[in-house]
Amino acid sequence: MTGTNPGISSAANGVAPGMHPAVDPAIDAAAHSSAPGGLVKSVVELDRVVIRLAGDSGDGMQLTGGRFTSETASFGNDLSTLPNFPAEIRAPTGTLPGVSSFQLHFADHDIMTPGDAPDVLVVMNPAALKANLVDLPGGGLLIADSDEFTPRNLAKVGYASNPLEDGSLEKWQLVSVPLTSMTTDALADSGLGKKEAERSKNMFTLGLLSWMYHRPTEGTIRFLERQFRRKPQIAAANIAAFRAGFNYGETTEAFAVSYEVKPAPMAPGKYRHISGNQALSYGLVAAGQRSGLPVFLGAYPITPASDILHELSKHKAYGVRTFQAEDEIAGIGAALGASFGGALGVTTTSGPGVALKAETIGLAVMTELPLLIVDVQRGGPSTGLPTKTEQSDLLQALYGRNGEAPVPVIAPRSPGDCFDATLEAARIALTYRTPVILLSDGYLANGAEPWSIPATDELPDLRTEFATEPNGEDGEFLPYLRDPETLARPWAVPGTAGLQHRIGGLEKADKTGNISYDPENHDFMTRTRQAKVDGIAASIPATEVDDPDGDARVAVIGWGSTYGPIGAACRRIRASGRSIAQVHLRHLNPLPADLGEILARYDRVVCPEMNLGQLAMVLRAKYLVDVHSHTQVRGLPFRAAELAAVFQDVIDGTTGTVATLDTGSDTPAQTGAAL
Amino acid sequence: MTAIESTNAHVHDLGMPAAGPDVTTISGAIDASVAANGPKQTTLKAKDLKTDQEVRWCPGCGDYVILNAVQSFLPSLGIAREDMVIVSGIGCSSRFPYYMNTYGMHSIHGRAPAIATGLAASRPDLSVWVVTGDGDALSIGGNHLIHTLRRNVNLTILLFNNRIYGLTKGQYSPTSEVGKVTKSTPMGSIDAPFNPVSLALGADATFVGRAMDSDRKGLTDVLRQAAEHQGTSLVEIYQNCNIFNDGAFELLKDPATGPMWTIPLVHGEPLVFGPGGASCVVRDDFGGLRIAETNQVDASQIVVHDAHREDPSYAFALSRLSSQDLRYSPMGVFRSVAKPTYDRMMADQLEDAAAQEPADLDALLAGSDSWTVS
Ligand SMILES: Cc1ncc(C[n+]2csc(CCOP(=O)(O)OP(=O)(O)O)c2C)c(N)n1
Ligand code: SF4
Ligand SMILES: [Mg+2]
């Protein structure tokens with residue numbers, strides 16, 4: 001939902017973080033009673049919830065989170081997710097490096113982030129508790145699998161005594177549940193061994209949570225049946241564990257309350273939930289269909305981009321060829337070769353792969369062939385933080401090549417927006433005959449949100465003309481004779497008689513494309529390649545400035561996945577009675593033609609980035625604007641509350657702004673602001 | 001090369017499902033050009049393959065003779081010029097595409113096999129050639145070369161081996177002999193060289209041949225077989241760089257010594273060579289091959305050359321007969337075996353997938369877990 005609608009949230013009346021009522025139904029007036037199984041249970045209505053599931057890498061937290069997300073999506077809540085897992089596939093069991101978590105924020109209104117802090121934390125072992133407790137605000141609900149809090153597991157992470165029993169968790173609403181043994185009990189007759197039965201504890205937990213939040217369960221049952229089609233015994237065990245967890249919630253006295261989060265109002269239409277990598281993959285398939293070109297993906301596996309290769313390899317029926325190359329250089333090389341042959345060449349990778357591809361991107365700049373380079377950014381430098389998010393490849397994308405090698409750069413702002421951004425990247429590549437870099441990141445790639453399924457016949461028309469006849473005055477073919485408007489050169493594919501020509505990395509003579517070392521020609525061609533890319537700005541729509549009050553003196557500018565947290569922070573600022581304008585860039589090269597003029601309108605411009613100020617540097621250089629750069633490289637998305645505090649400081653420190661601040665009693669309290 | 005089959009085929013079916021909008025597809029563009037330019041011209045002459053570009057190799061360079069041989073022989077394949085693509089890397093030899101009136105890409109150092117792989121895999125209708133040097137193919141591009149060979153992409157790779165870096169003015173290369181004194185090895189090279197044929201066979205190449213630049217007949221013969229082979233063909237061409245490594249192959253070229261040290265490979269013929277057939281190849285006690293004097297062995301012991309042996313170890317053993325100083329160099333086709341090609345298998349998978357479940361973008365985007373808000 002965050003992709004298309006930067007508007008303001010309506011609901012701001014919810015339970016603040018940390019106010020999640022668990023065992024005391026009296027806490028919320030909206031509570032009403034129900035009587036399942038003879039027990040008197042209450043139902044409390046909430047406007048939003050942030051749940052974090054944390055366990056060992058082997059505990060299946062990502063799968064559990066994914067299922068809970070699907071249930072939540074099909075129920076109709078707006079949602080946003082933050083998977084967070086270690087780079088090691090299986091770090092030693094029960095240790096801190098092995099902790100994997102999945103955070104889901106769902107609401108009855110439009111939300112923009114996976115939530116700053118969880119209201120509910122579920123921990124499957126002591127390591128998960130130790131790694132995640134700092135993020136759980138006081139009063140938050142903490143559910144722990146007491147079976148796993150054994151002396152051995154406690155010792156592994158340095159607990160001298162059992163925190164579930166020593167009173168150290170008093171600050172939180174602790175519910176200890178023997179999740180593991182209840183699962184094995186439930187599966188006593190399943191024919192599975194104890195170890196095997198234990199593995200279904202994540203499904204038991206999912207069942208319990210599904211009861212607590214009134215999630216529909218059919219989807220998960222269908223999913224389990226499908227997933228374990230060939231292992232009916234395992235399917236049955238998981239379904240039994242899932243049902244047992246649900247029933248446990250209904251009958252136990254440990255949970256007297258369940259919660260209801262009503263569906264969020266959404267524009268009419270058909271929806272699904274989608275992750276960034278999935279949306280990007282579909283964008284590539286759609287680009288092939290809308291251009292009528294076969295898609296050729298050359299890729300070498302790398303986190304967090306590999307899922308695009310996996311996804312696209314399933315869609316051969318759409319004329320999509322996938323080539324798992326011997327390395328990143330071969331991946332992009334093959335893609336460029338396919339582009340020369342008339343395909344939509346694509347390569348997908350992360351930052352380290354882009355470094356390897358730099359020389360071939362330069363060749364694509366020189367040969368002026370369409371090519372998409374997808375960089376799903378992760379923490380760097382070097383191998384860095386493979387599974388964490390960062391925006392630190394911006395300058396690499398803009399400038400990381402030898403010579404003057406301008407390349408258009410596009411960044412999606414939300415998981416669903418990866419679809420549209422991919423089509424836009426394809427439009428530019430095909431129209432202008434140029435490599436284009438698409439900068440996604442780990443947060444977008446793995447995060448998910450509801451996505452309004454587009455009507456395919458309304459997608460951009462990407463039809464492209466190949467050259468079929470000579471274009472020179474003497475009947476010769478001039479491969480570098482440009483379209484006067486776009487400066488694109490003709491795309492003449494092998495197999496076309498009479499248009500044989502040679503391209504390559506050596507400097508080309510204008511029009512003929514022959515090798516040329518002429519000084520004037522090189523100067524001319526260098527400037528022409530730059531002018532072609534700069535000229536793309538003419539095809540970019542006017543920059544949207546989100547300033548609902550219309551009197552903002554401070555603008556915040558961002559790009560890529562920070563859209564959600566920045567937007568949520570802006571809502572908080574506005575809810576506090578202050579004004580702020582939000583500008584979010586999709587086109588990072590060329591920048592929109594109206595951007596300089598827009599930035600000049602504000603007293604201060606703030607630029608939050610998950611790097612050390614790369615866009616800020618570009619904006620300062622290009623527009624001579626004294627950009628206030630706010631940066632963070634923690635491998636995690638920004639927290640909305642932190643950003644709001646930064647924005648508030650800038651606004652209040654800006655001359656004239658304090659005077660206009662309405663301090664009257666009707667100012668919404670900041671804690672009441674919706675995310 | 002599949003292009004032989006496609007000589008008369010003007011429609012290039014790329015297996016693309018019907019696209020939404022009415023678009024200029026690749027086959028459509030090619031149809032249009034056929035309409036504009038008439039049917040494909042496949043009765044070419046050598047001059048039809050020349051370009052207006054001045055050839056800029058050093059006078060006397062072996063590259064000239066190879067270019068001439070290729071231009072003279074290619075028309076006999078009956079492939080239209082526009083259906084041929086030559087992709088090269090960087091080096092003196094890699095200038096080759098500029099002199100051929102076909103489609104061409106002079107790419108970047110070492111990467112030609114990768115680029116050609118993408119082109120050949122997505123356009124099985126084309127005849128795709130790679131021209132590369134010993135540095136280009138075996139140093140910087142070594143990884144791409146071996147992986148291309150193991151995949152058996154339908155490509156013909158011409159490796160111009162002058163045992164030196166020509167373009168960068170004379171450093172030793174991965175095929176230079178130990179002890180070679182060059183600008184970067186004033187005390188002699190200490191690197192053990194690659195034998196490109198052994199390397200290719202180690203990667204299970206389905207076609208490997210070797211020829212001499214100056215031997216027009218032998219070169220043409222190997223090139224023809226390479227071109228007709230389905231899959232990746234690697235042809236090592238000994239090429240004289242008269243500026244930085246002059247006379248590197250003199251031992252084999254000199255009529256006085258050449259026959260003594262050259263082992264001609266002819267499929268089905270006994271491996272007998274040398275003046276008066278004095279030498280021959282026999283099996284050794286360890287499953288390999290060795291050189292023997294013909295009059296010292298029984299005729300039945302002499303190996304009859306079989307290029308079609310499935311197991312590459314025979315061809316490998318042949319390649320190991322020669323030493324760094326080129327004595328006992330087998331020339332001709334070492335191995336030529338039939339295996340499915342990468343591009344064909346890829347095309348088959350696309351066809352199978354489309355037959356199983358036709359493309360439906362709306363269904364794909366909707367997925368299986370959608371819901372409707374009304
Ligand atoms: C990335 C890169 N590194 C280095 C070079 C410099 N370079 C150009 S050609 C070459 C070696 C060429 O040797 P070879 O492949 O044997 O070709 P020859 O000139 O001998 O035909 C080198 C090192 C380059 N062009 N690109
Ligand atoms: S340097 Fe050697 S290989 Fe290069 S063109 Fe001159 S003679 Fe030929
Ligand atoms: Mg060389």
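Throughout, protein chains are lettered first and strands after them, A, B, ... in sequence-line order, and every chain is numbered starting at 1. None of these values were measured; they are calculated from a predicted model.
- In this structure, the side chain of B:Y103 engages the main chain of A:T496 through a donor-acceptor pair within 3.5 Å.
- For B:M346, the part sitting under 4.5 Å from any heavy atom of chain A is the side chain, from C-beta outward, and nothing else.
- No part of B:M84 comes within reach of chain A, as not one of its non-hydrogen atoms sits under 4.5 angstrom from that chain.
- Checking side-chain atoms of B:K40 against main-chain N and O of A:G495 turns up a donor-acceptor pair under 3.5 Å.
- The part of A:L369 that comes within reach of chain B is its side chain, from C-beta onward, which places non-hydrogen atoms under 4.5 angstrom from that chain.
- Of the possible donor and acceptor atoms, none in the side chain of A:Y318 sits under 3.5 Å from a partner among the backbone N and O of B:P358.
- Among B:V87, B:L119, B:I115, the one residue that satisfies the side chain to side chain contact (heavy atoms under 4.5 Å, CB included) test with A:F340 is B:L119.
- Here the rule is side chain to side chain contact (heavy atoms under 4.5 Å, CB included) with B:T51, and of A:R502, A:Q500, A:H501 only A:R502 fits it.
- Of the atoms belonging to A:L363, it is side-chain heavy atoms, and not backbone ones, that fall under 4.5 Å from chain B.
- Only the side chain of B:R111 comes within less than 4.5 Å of a heavy atom in chain A; its backbone stays farther off.
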Next item on the list: Take A:E326 and B:R151 through the test salt bridge (charged side-chain N to carboxylate O under 4.0 Å, His left out) and record every step on the way to the result.
Entry: CA-CA 11 Å; A:E326 57 271 22; B:R151 289 189 190 105; 2.7 Å; yes
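- Within residues 363-374 of chain B, the residues approaching chain A closer than 4.5 Å by heavy atoms are, in numerical order, B:L364, B:L365, B:A366, B:G367, B:S368, B:D369, B:S370, B:W371, B:T372, B:V373, B:S374.
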